[in-house]
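Please read these numbers as outputs of a predicted model, since none were measured by experiment. Values below: all heavy atoms of this structure, side chains included; hydrogens, waters and symmetry mates excluded.
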Amino acid sequence: RTHRPALPGAAPAMNCRAEVLEVSVEGRQVEEAMLAVLHTVLLHRSTGKFHYKKEGTYSIGTVGTQDVDCDFIDFAYVRVSSEELDRALRKAVGEFKDALRNSGSDGMGQISLEFYQKKKSRWPFSDECIPWELWTIKVNVVNLANEQERQICREKVGEKLCEKIINIVEVMNRHEYLPKMPTQSEVDNVFDTSLKDVQPYLYKISYQITDSLGTSVTTTMRRLIKDTLAL
Amino acid sequence: MDTDLSSQDRKDLDKFIKFFALKTVQVIVQARLGEKICTRSSSSPTGSDWFNLAIKDIPEVTHEAKKALAGQLPAVGRSMCVEISLKTSEGDSMELEIWCLEMNEKCDKEIKVSYTVYNRLSLLLKSLLAITRVTPAYRLSRKQGHEYVILYRIYFGEVQLSGLGEGFQTVRVGTVGTPVGTITLSCAYRINLAFMSTRQFERTPPIMGIIIDHFVDRPYPSSSPMHPCNYRAGEDNGAVYPSVEDSQEVCTTSFSTSPPSQYVFTVTKAHFQTPPPVVTDTLKVPVMGLAFSHQLSSSRLSYQPAALGVGSADTGYPVLFAGGLNAAHPHQLIGPGKEGGVPPIPSQPAHGTQADQERMCTPLDGVHYSAATPSSSEDTETVSNSSEGKCGSPRDLLETIFIRKVGAFVNKPINQVNPPDSPDTESPLQGSLHSEGSSGSSTGNTHDDFVMIDFKPAFSKDDILPMDLGTFYREFQNPPQLSSLSIDIGAQSMAEDLDSLPEKLAVHEKNVKEFDAFVETLQ
């Protein structure tokens with residue numbers, strides 16, 4: 001890997017704001033809950049595709065949205081209408097869910113969504129990835145005994161997710177640091193331009209599973225977007 | 001107001017705010033239509049998608065918003081509000097949310113209009129998309145159609161939150177600072193959904209319970225492109241709508257956030273063929289846009305004057321139903337402990353007793369009363385039965401069956417007041433109902449009189465012996481006496497025995513030796 005990975009548990013870099021959300025869910029609710037949160041964040045952190053014209057101006061494409069109903073949670077959320085983005089998130093969340101299940105831990109872990117900028121360095125130094133926003137979702141998987149408890153869980157988790165959405169929107173509303181709109185040559189340092197219909201800020205998703213002792217034993221870093229930096 | 005802002009910037013800013021307001025209304029109303037929204041992303045800009053978001057424009061909604069704004073923009077003290085309310089098929093309504101787009105005086109002079117403000121407004125619209133799915137009204141609106149509809153109303157001016165009941169909560173969607181002020185978007189929403197049920201309980205005492213089908217497929221309209229999200233008459237419009245007409249909507253209501261397993265309901269649409277209407281239509285709606293006009297006309301609700309709140313109109317309805325003996329009124333459920341239950345409608349069968357007739361004798365609707373009042377108050381029950389029974393009985397059958405199924409609320413008057421000489425069509429029903437009821441009903445049916453019925457247990461059918469258990473039992477409990485035990489025959493044989501005794505003795509003495517030999521073999 002050519003760039004410097006963030007160490008697990010390390011403090012985020014300067015100017016990187018960090019938000020932590022916690023949810024307690026049943027095993028089968030993990031995927032939908034994670035997708036709901038991640039999609040809500042990415043809805044706010046995606047724009048339409050940029051089309052650069054002469055003289056440094058650009059126009060922006062249109063972002064469509066769609067409603068998603070959850071099957072295991074009494075909840076619905078809005079996501080960006082982009083199948084590629086949805087696939088990428090589902091892949092990441094699927095791996096996280098499998099890791100949670102297979103780890104043998106008592107179902108605790110966290111998944112992180114980090115937005116970063118690339119800073120080109122001169123040869124022979126490799127480019128840097130500078131995170132500017134980090135969202136961490138801590139997950140606690142619970143086991144329920146009977147159907148009645150599951151029904152209550154459906155509703156409770158739905159309510160909790162409503163609160164999380166409100167929290168996310170509050171953070172977004174602070175209008176804190178966002179990378180400057182880049183020129184055409186810089187756009188790949190700020191945005192993920194690999195998708196054909198929308199343009200999210202550069203992001204990476206990683207997760208950690210916590211073992212029963214509370215320390216993170218397994219650290220798995222996954223890069224889920226094509227790393228255009230590969231040297 | 002602000003001399004630093006260039007005129008071009010000012011013009012742009014005003015345009016942004018205006019279109020932002022229109023798009024805000026679209027997002028809110030579309031989120032309450034009861035359907036999932038889906039728009040496509042497009043990488044090539046079309047030029048008509050404001051704020052780089054694909055938000056459809058419903059023409060009627062835009063028209064209403066423009067009408068409310070009347071060329072103005074949100075300013076201090078002049079906010080644009082979208083009120084979302086719920087209206088049941090009975091005509092009761094309840095405000096659920098007020099979305100407010102406000103402007104305050106806090107200016108951000110440094111901010112770049114064409115770039116930063118625009119992008120932040122875009123972000124705020126995205127937040128609005130997310131938040132509209134998160135308030136309680138979203139889930140209510142997804143279930144609308146059968147029992148209630150969601151309406152919207154746009155007004156401009158002072159925000160009025162009083163209709164939201166006690167303890168309403170507020171969520172802030174976001175703010176955007178501009179050189180002329182800070183735009184704020186927020187939502188105040190009701191959390192006390194039980195408001196409706198208590199209000200209705202005050203108005204009418206429950207006379208009869210009815211059933212609703214909580215599980216009927218929701219009419220996500222395959223027939224109509226958009227689900228009607230109607231709007232109420234504005235405050236300034238005190239027009240009295242024309243008198244009610246038939247409604248297409250099913251009219252039972254049951255708001256419950258409690259698990260539906262508590263109540264099992266069935267509803268039949270067969271009932272909604274006769275007046276009185278519950279939800280009324282006024283077909284005098286100007287055709288706005290073709291796609292939506294028919295929804296407008298089909299689901300626009302009309303009100304009695306003063307229907308905007310609790311008013312005489314509201315009290316009118318239950319009495320109307322009480323009087324509407326023919327009216328197989330849509331069934332409502334009272335759910336004690338349920339949030340937002342609805343008042344029971346006495347869909348009293350036509351053949352009530354005199355007492356019942358009198359109880360419901362508030363002539364509200366002469367049409368319904370004309371048949372019932374004269375005949376029932378004076379004539380015998382048979383007459384009233386026959387006059388009303390024809391139209392009443394099929395419905396009654398349906399009604400009673402359904403009521404029995406639930407067992408929770410019993411159609412007491414049917415059993416109670418049915419006179420012995422009620423039409424024949426009624427009694428087998430009564431009988432079977434009664435037996436089912438007695439075996440199955442858990443919630444007290446204690447007030448019922450006893451009704452003679454044939455006991456026909458299903459298990460005792462026997463093809464060989466063509467009689468039922470009861471008859472069999474009765475018959476074989478009293479078998480005839482054994483013939484030998486009868487006294488006459490006994491006496492007769494005694495006499496004969498005495499006469500033949502000497503002969504028998506003589507024969508036996510002759511055979512003494514044989515008898516002795518026999519006795520020795522035994523020893």
Q: Could you tell me which portion of A/V198 (side chain, backbone, both or neither) has an atom closer than 4.5 angstrom to a non-hydrogen atom of chain B?
A: side chain
Q. Considering only heavy atoms, which portion of A/H51 lies under 4.5 Å from any heavy atom of chain B: side chain, backbone, both, or neither?
A. side chain
At a heavy-atom distance under 4.5 Å, which candidate from [options] has the highest pair count against chain A?
options	answer
B/S127, B/S122, B/C38, B/G174	B/S127
B/L123, B/T135, B/N119	B/L123
B/V173, B/V171, B/T175	B/T175

Q) Relative to chain B, which of A/H44, A/K49, A/Q66 shows the most heavy atom pairs under 4.5 Å? A) A/H44
Q: Find the one option among A/R79, A/E163, A/M181 whose heavy-atom pairs under 4.5 Å with chain B are most numerous.
A: A/M181
Q.
Which residue is it: A/T40, A/D67, A/D69? I am looking for the one with a side-chain hydrogen bond (donor to acceptor under 3.5 Å, both in side chains) to B/R133.
A. A/D67
Q.
Tell me whether the count of non-hydrogen atoms from other residues, nucleotides or ligands lying under 6.0 Å of NZ in A/K119 goes above 12.
A. no
Q: For atom CD of A/E149, decide whether the heavy atoms of other residues, nucleotides or ligands shown that lie under 6.0 angstrom number more than 12.
A: yes
Q. Salt bridge between A/K180 and A/E186, side-chain N to carboxylate O under 4.0 Å?
A. no
(Q) Any salt bridge linking A/K156 with A/D74? Criterion: basic side-chain nitrogen under 4.0 Å from a carboxylate oxygen. (A) no
Q. Where on B/Y115 is there a heavy atom nearer than 4.5 Å to chain A: the side chain, the backbone, both, or neither?
A. side chain
Q: Using the test side chain to side chain donor-acceptor pair (under 3.5 Å), find all partners of A/N167 that sit at least two apart in sequence or belong to another chain.
A: none
